[in-house]
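For reference, the structure discussed in these notes is given below.
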Amino acid sequence: MALELCVTESYEALSLRAAEVIGDEIARSPNIVVLAATGRTPLQAYKHLGDACDSAAFDTTRMTVVQLDEYVGVAADDRRALIGWSKRVLIDPLHVDDGRVVSFHGADGDPEERCRTYDATIKARGGVDLAILGLGPNGHLGFNEPPSRPSDTTRIVRLTEASIESNASYWGSVDDVPTHAMTAGMDVILAARRILLLVSGSHKREILRRTLDGEATPDVPASYLREAANVTVIADRDAWPGDDLETTAAAETAIDVLA
Ligand code: PGA
């Protein structure tokens with residue numbers, strides 16, 4: 001187990017650092033399987049990654065991008081489809097072709113069946129090498145809503161009020177947010193060979209504290225990251241709980257403060 005904490009001065013510095021970590025992983029393992037979050041937090045890191053790709057810093061022709069979650073009942077071409085979001089901000093800028101994208105739209109059938117096909121496809125590709133995650137305001141990872149446990153598999157979940165409200169800011173209003181989603185299981189996420197958790201903004205400070213402090217609990221699914229193999233948390237100063245952290249494990253871990 002290893003948890004590395006990195007605090008940056010700004011969101012921009014967080015994004016540059018994250019893009020550097022992801023780019024280095026792609027350069028080291030061109031066949032990499034990357035589970036990639038949507039949401040606002042990784043957007044600027046993806047932008048820097050796309051720029052690095054254009055300057056040929058690494059080869060993306062063999063990498064695979066795996067979708068983290070998707071709304072139920074939303075077609076791939078719906079404006080709210082999370083796969084469309086991934087394509088715009090990450091998949092297309094990195095020139096990853098469709099054959100190297102694992103999504104919840106990869107199979108026909110009901111959402112349950114899609115979840116099974118999704119899991120089987122990830123397994124066939126050797127599992128996830130790098131998971132790029134945001135932190136839900138309620139502590140969710142993907143749409144593993146509280147309560148979620150490490151053994152929870154890829155499945156359909158009912159979104160919590162908190163997630164519906166926070167996702168409403170992406171689509172206009174709460175009425176535009178579907179009530180259910182398919183999410184990569186906690187088991188898939190926690191088995192990733194490396195995990196990068198990106199956290200930005202003062203509204204995430206308390207949930208980041210609960211992610212790092214105290215006992216891991218289903219009420220804060222992200223707290224189970226402490227039990228995963230190789231986790232790097234990059235937080236900007238606004239999100240960093242600093243003196244509010246009680247757990248010595250978190251507070252005493254070497255912290256790299258970047259300009
Ligand atoms: P955000 O979303 O990056 O837009 O804050 C994170 C999440 O809800 O998982």
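Quick caveat: nothing in here was measured; it's all calculated off a predicted structure. Whatever order the structure lists ligands and atoms in, that order sets their numbers, starting from 1. Nothing fancy with the numbering, it's 1 onward along the sequence.
With Tyr11 contributing its side chain and Asp238 its backbone, the two residues share no donor-acceptor pair below 3.5 Å. One N or O on the side chain of Gln67 and one on the backbone of Phe104 form a donor-acceptor pair closer than 3.5 Å.
Using a 4.0 Å cut-off between charged side-chain N and carboxylate O, Asp51 and Lys47 make a salt bridge. For the pair Asp236 and Arg17, the salt-bridge criterion is not met [side-chain N within less than 4.0 Å of a carboxylate O]. We find that Asp97 and Arg100 are not joined by a salt bridge, their nearest charged nitrogen and carboxylate oxygen being 4.0 Å or further apart.
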Between ligand 1 and the protein, which N/O pairs are shorter than 3.5 Å?
from	atom 1	to	atom 2	distance (Å)
ligand 1	2 (O)	Tyr170	OH	3.2
ligand 1	3 (O)	Arg40	N	3.2
ligand 1	3 (O)	Thr41	N	2.9
ligand 1	3 (O)	Thr41	OG1	2.5
ligand 1	4 (O)	Arg40	N	2.8
ligand 1	4 (O)	Tyr170	OH	2.6
ligand 1	5 (O)	Lys204	NZ	2.7
ligand 1	8 (O)	His140	NE2	3.0
ligand 1	9 (O)	His140	NE2	2.9

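Hydrophobic clustering, with ILVMFWY side chains joined whenever heavy atoms are under 4.5 angstrom apart, groups Leu190 together with Val128.
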